[in-house]
Amino acid sequence: MIPRTAARPLSLALLATLLVSLAVLAPAVLPQARAEGYNTGRTAPSMLVVDGSGSMRADDVGGRSRMDVAKEALSTLVPMLPEDASVGLMTYGNSDPATAASQEAGCQDVKTLVKPEGLDRQALLGAIEGVQPSGYTPIGLSLTKAAAELPEAEMRSIVLVSDGIDECGGPPPCEVAADLAQKHPEMRIHTIGFKAEQDARDELACIAEATGGTFADATDAETLRDELLVKMTRAIQGYATQGQPITGRTSPETAVDLAPGSFLDVLEHGSAAIDDGEGFSRFYRLQLAEGEIAHLTATMVLPGGGGDASSLAQLRLATSSADGVDCRIGEVQARAEADLGQGPITAAVATPRLGETANLTCFGQDADGTVILEVERTGDPALEEAVPVELQFFAEEKVALDGLPPAAKYVRPQEPLAVATDGEQVQPAFSFASAVQDLDGPMRGTIIPGEVQFFRIPAQYGQQVRAAIALGEFEVPPGMGLTLQARMYSPLRDDVYLVVPPSASGEATGVSTKAAPKTTLQVNQASPIQFRNREDGGTEARTSFLAGDYYLQLAVVPSDYSAQRLFEVPYVLDLDAVGEPAEGPELSGQGAVVDRSAADPGAAPQASDGGRASDGGGASDGGGAPELEDPPTEDERSGFSVPPVVWAVLGGLGGGVLLAAIVIGAVVLVRRGR
C-alpha cells in the first residue's frame with residue numbers, strides 16, 4: 001500500500017504529474033461531435049482578465065509586488081491548461097507612461113493580449129511576462145470588451161483578477177455584469193480579489209453573483225495561485241461527453257447501424273410534457289449473434305436545474321423488431337427540473353440472450369438478431385435546446401461458466417472505509433468520461449451545491465467498492481437546506497446497490513444524508529462483483545456482475561437554486577476496492593461477431609434551431625447449475641475470499657480509462673448551473 005499523501009502546496013513534482021495527466025486529454029483520444037453553433041461541453045472558451053493598474057506595483061506580498069506574484073501564479077497555470085481549451089488574456093492599466101498619466105485615456109486602456117482562439121501557451125506566457133502595471137482600473141469596460149471577444153458558444157466564461165475597485169465612473173461593474181447576464185445567459189464571470197479592500201471585494205462578489213459565477217479572496221501567493229487554478233478550471237470545464245459521433249435517424253425504417261462501442265449523438269428538443277408524443281427520437285439498428293446479450297445505455301446531458309418541481313424531463317429507451325413489433329425491453333427515466341442538479345439522466349437495459357427463449361419475437365429461437373433501438377427525449381426543461389446524448393452498446397457473448405464463483409445471493413457486509421481528515425487536492429470532473437480516477441489515498445476538493453462530480457474506481461471480480469466522505473467547515477445560508485448524495489454506477493452505467501454499514505439493506509438509487517459542516521458518509525457496494533450475479537444473483541447483486549471501472553457520483557443538492565447557493569463545500573473523499581480478486585471472463589464488449597454492418601456509424605450530429613424533426617434478463621447459460629451460496633457467516637463479514645485471477649478489461653466503454661483526472665489543484669465548478 002502506498003502511504004497516504006497529505007495535502008501540500010503546489011510543487012514541481014506535482015506540476016510534472018499534472019502535465020502527464022493532461023497529456024491524455026489530446027483530442028485524438030476521444031472523438032467528439034462539434035456541430036456548428038453547438039458545444040458538446042468538452043471545454044468552454046474563456047477570457048482571463050488581469051489587473052495591470054498601478055496599485056499592482058505594491059510590495060506587500062511577502063516582500064514581493066502583487067504583479068510579480070500574479071505573474072508567477074499565471075505562469076504556473078498556463079502549462080496546466082487542457083490541450084483543447086480556448087483561453088484568451090486581457091489586461092487593463094497595462095499602459096504606457098502617457099496613457100497612465102491621463103485618467104481619461106487610462107480608463108479606456110483595455111488590451112486584448114491573446115485572443116481566445118485555441119490554446120497558445122507561448123503567447124500567453126510571453127504576454128503575461130510583458131505586463132507592466134501603471135494605469136487605472138476600468139473593470140466595467142473590461143467586462144464588456146471581454147464578453148465581445150469571446151466566441152459564441154453554449155458555455156463561456158470570464159475570470160477576473162483585481163486588487164481594487166473600478167475608478168473610472170460609468171455604469172457600476174455589477175450593473176454591467178447584470179446586463180451581460182441578461183444578454184448572454186450562458187456566460188459566467190468568476191472573480192478573484194487579490195489583496196483587495198472590503199469595498200473592492202464587495203464589488204467583485206456582486207459581479208460574480210450577477211452572472212452565476214463565484215468569488216474568492218486571495219491575500220498571498222499560494223492562495224492566489226490556487227484560486228486561479230480553481231477559477232480557470234471552473235471556467236473551461238464543461239460536461240466531457242464521450243463517444244464516436246453518430247447521427248441516429250428520425251424513423252425506425254431508416255435507422256442507422258450501431259456497432260458495439262461508445263457513441264455521441266444530439267437530441268434536438270424536448271416537448272411540452274413527458275409522454276406527449278411531441279419529443280425527439282433517434283433510431284438505431286443493432287445486429288445480435290446467437291447467444292449474445294445487448295447491454296444498452298443512454299446518458300442525456302441537460303442543463304442544471306432551476307428548482308422547478310413541475311417541469312419534467314424524460315429519457316426513454318425502447319426496442320422493436322425490424323418489422324415494428326414491440327420487443328418489450330426498455331427503460332424510462334424521468335426527473336423534475338429541481339432534481340437535474342443530481343446529474344445527467346441515464347437509462348440502461350439488457351436484452352434476453354438471443355435464441356434461448358422459444359416465444360420471444362425479438363430474441364427467441366426464430367429471431368434474426370435485428371433489433372431497432374429508439375432513444376426518445378420528452379419534457380420541457382431546456383425545451384428548445386439541443387442536448388448531447390451518450391450511447392453505449394456492449395455486446396456480451398456467451399461464455400462457459402464452469403469453475404466461476406457462485407452468484408451473490410445476499411448483501412455481503414464489509415467493514416466501512418475509515419473517514420480521512422485530509423488528502424491530495426484534486427480536480428473533480430462532471431462526467432463519466434472525465435471521471436477522476438481513484439488515487440492511492442484520500443482526495444481533497446470542494447463542491448458547489450447543485451454540482452455533480454464523478455470518480456472512477458477500477459474493481460476486479462470478487463471485490464467490492466467502498467467510499468468514505470467527510471465534509472469540512474462551511475456556512476449554510478439562512479433558510480437553505482443541503483443534501484449530500486452518493487450514487488454508484490457499474491461499467492455499463494447501471495445503478496449499483498449501496499449499503500451504509502452496518503446496515504444490510506441496499507439502495508439502488510444511492511444514499512443521502514443532510515449536508516452540514518463535519519458531516520460524514522460511509523457507503524459500500526452491496527455485494528462482491530461476480531459474473532454469475534446478473535442471472536443468478538440476489539436483487540442487490542445483479543448489476544454488479546462485470547469487472548471494470550465503477551463510478552461514484554457525488555452531489556450536494558440545495559433546497560433552492562438561487563445565487564446564494566454559489567459557495568464551496570470542502571470535502572475529503574477516499575475510495576477503494578476490497579476483497580480478493582476472483583475468476584471471471586475477459587469480455588471486450590464487442591461480442592462474437594466481426595461484421596455488424598456498421599463500418600460507417602454515421603456522420604457527426606448537427607444541431608438544428610430546435611424545430612421539430614419531420615423525417616430483462618437472460619435465460620440459463622447452459623454452463624451447469626451454479627453452486628448455491630449460503631448466507632454470510634459472522635466470520636465472512638470482513639471480506640469475501642476467492643481464488644485470484646486476472647480481471648476483465650472493458651473495451652469500447654472505457655473512455656473513462658483514457659480520460660484520467662486533470663489533477664490541477666482544486667475544484668471544477670458549475671457545469672451549467674443556472
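Below, each value reflects all heavy atoms present in this structure, side chains not excepted, and no hydrogens, waters or symmetry copies.
- Salt bridge Lys195/Asp163: absent, no basic N to carboxylate O contact under 4.0 Å.
- Proximity of a side-chain donor or acceptor of Ser559 to a complementary backbone N or O of Gly481 within less than 3.5 Å is detected.
- Note on Asp422 versus Arg444: salt bridge recorded, some NZ/NE/NH1/NH2 to OD/OE distance being below 4.0 Å.
- Taking the ring centroids of Phe454 and Tyr551, they lie at or beyond the 6.0 Å cut-off.
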Please step through side chain to side chain contact (heavy atoms under 4.5 Å, CB included) for the pair Leu125 and Ser75, ending with a clear verdict. CA-CA 6 Å; Leu125 290 169; Ser75 297; 4.1 Å; yes
Assess whether side chain to side chain contact (heavy atoms under 4.5 Å, CB included) is satisfied between Val69 and Leu224, documenting all intermediate values. CA-CA 8 Å; Val69 171; Leu224 177 61; 4.2 Å; yes
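- Taking the charged nitrogens against the carboxylate oxygens, Lys111 and Asp109 do have a contact shorter than 4.0 Å, which makes a salt bridge.
- The closest side-chain heavy-atom distance from Leu160 to His190 is not below 4.5 Å.
- A donor-acceptor distance shorter than 3.5 angstrom exists from the side chain of Arg121 to the backbone of Val78, with no hydrogens or angles considered.
- Here the straight-line distance linking atom CE of Met187 with atom CD of Glu152 works out to 10.0 Å at 0.5 Å rounding.
- The minimum heavy-atom distance linking Ala470 with Ala420 is given by the pair CB-O, 3.9 Å.
- Smallest separation of non-hydrogen atoms from Ala555 and Val452: CB-CG2, 4.0 Å.
- The distance from the CE atom of Met47 to the CE atom of Met90 is 4.0 Å, given to the nearest 0.5 Å.
- The shortest non-hydrogen separation linking Pro381 to Glu337 is CG-CB, 4.2 Å.
- The backbone N or O of Ala105 sits less than 3.5 Å from a side-chain atom of Ser102, completing a donor-acceptor pair.
- The minimum heavy-atom distance linking Thr211 with Ala177 is given by the pair CG2-O, 3.6 Å.
- Not a single donor-acceptor pair under 3.5 Å links the side chain of Glu197 to the backbone N or O of Gly164.
- Looking at Gln103, its side chain does come within 3.5 Å of a backbone N or O of Glu167 through a donor-acceptor pair.
- Residue Ile139 is tested with Val49, Ile207, Ile165 for a side-chain contact (heavy atoms from CB on, under 4.5 Å); the sole match is Ile207.
- Annotation: side chain of Ser86 is not in contact with side chain of Ser46 (no heavy-atom distance under 4.5 Å).
- In this structure the side chain of Phe215 never reaches within 4.5 angstrom of the side chain of Glu209, judged on heavy atoms.
- Between the Thr144 side chain and the Gly140 main chain, a donor and an acceptor come within less than 3.5 Å of each other.
- In this structure the side chain of His184 reaches within 4.5 angstrom of the side chain of Arg156, judged on heavy atoms.
- Remark: side-chain polar atoms of Thr99 are not paired, donor with acceptor, to backbone N or O of Ser95 under 3.5 angstrom.
- In this structure the side chain of Leu180 reaches within 4.5 angstrom of the side chain of Leu143, judged on heavy atoms.
- Ion pairing between Glu149 and Lys115 holds under the 4.0 Å rule for side-chain N and carboxylate O.
- Comment: Asp59 does not engage Arg64 in a salt bridge, judged by the lack of any side-chain N to carboxylate O separation of less than 4.0 angstrom.
- Residues Val176 and Asp179 are not in side-chain contact: their nearest non-hydrogen atoms beyond the backbone lie 4.5 Å or more apart.
- We find the CG-CD distance between Asp265 and Gln244 to be 12.0 Å, quoted to the nearest 0.5 Å.
- Of the listed residues (Ser162, Cys168, Pro173), just one forms a side-chain contact (heavy atoms from CB on, under 4.5 Å) with Thr137, and that residue is Ser162.
- Each of Leu264, Thr299, Leu267 was compared with Val389 under the side-chain contact (heavy atoms from CB on, under 4.5 Å) criterion, and only Leu267 meets it.
- The structure places OG of Ser53 at 11.0 Å from OH of Tyr136, a figure rounded to the nearest 0.5 Å.
- The backbone N or O of Arg456 sits nowhere less than 3.5 Å from a side-chain atom of Asp438 that would complete a donor-acceptor pair.
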Worked check of side chain to side chain contact (heavy atoms under 4.5 Å, CB included) between Leu150 and Ile158: CA-CA 9 Å; Leu150 286 169; Ile158 298 169; 3.9 Å; yes
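- Residue Asp574 holds its CG atom at 10.5 Å from CD1 of Ile469, rounded to the nearest 0.5 Å.
- At most 12 heavy atoms of other shown residues, nucleotides or ligands fall within 6.0 angstrom of atom CD in Gln122.
- Screening Leu482, Val569, Leu484, Val556 for a side-chain contact (heavy atoms from CB on, under 4.5 Å) with Thr519, the sole residue that qualifies is Leu484.
- Closest non-hydrogen pair, Ala127 versus Val114, comes out as CB-CG2, 4.1 Å.
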For a side chain to side chain contact (heavy atoms under 4.5 Å, CB included) check, start with the C-alpha distance between Leu204 and Asp202, then their side-chain angles and the critical distance, and finish with the verdict. CA-CA 6 Å; Leu204 293 168; Asp202 291 343; over 6 Å; no
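- The two residues Gln453 and Tyr571 make their nearest non-hydrogen contact at OE1-OH, 2.7 Å.
- Atom CG of residue Leu573 and atom CG of residue Leu552 lie 6.0 Å apart, to the nearest 0.5 angstrom.
- Annotation: side chain of Met480 is in contact with side chain of Pro558 (closest heavy-atom distance under 4.5 Å).
- Inter-residue side-chain proximity for Phe194 and Met56 is flagged as met; some heavy-atom pair is nearer than 4.5 Å.
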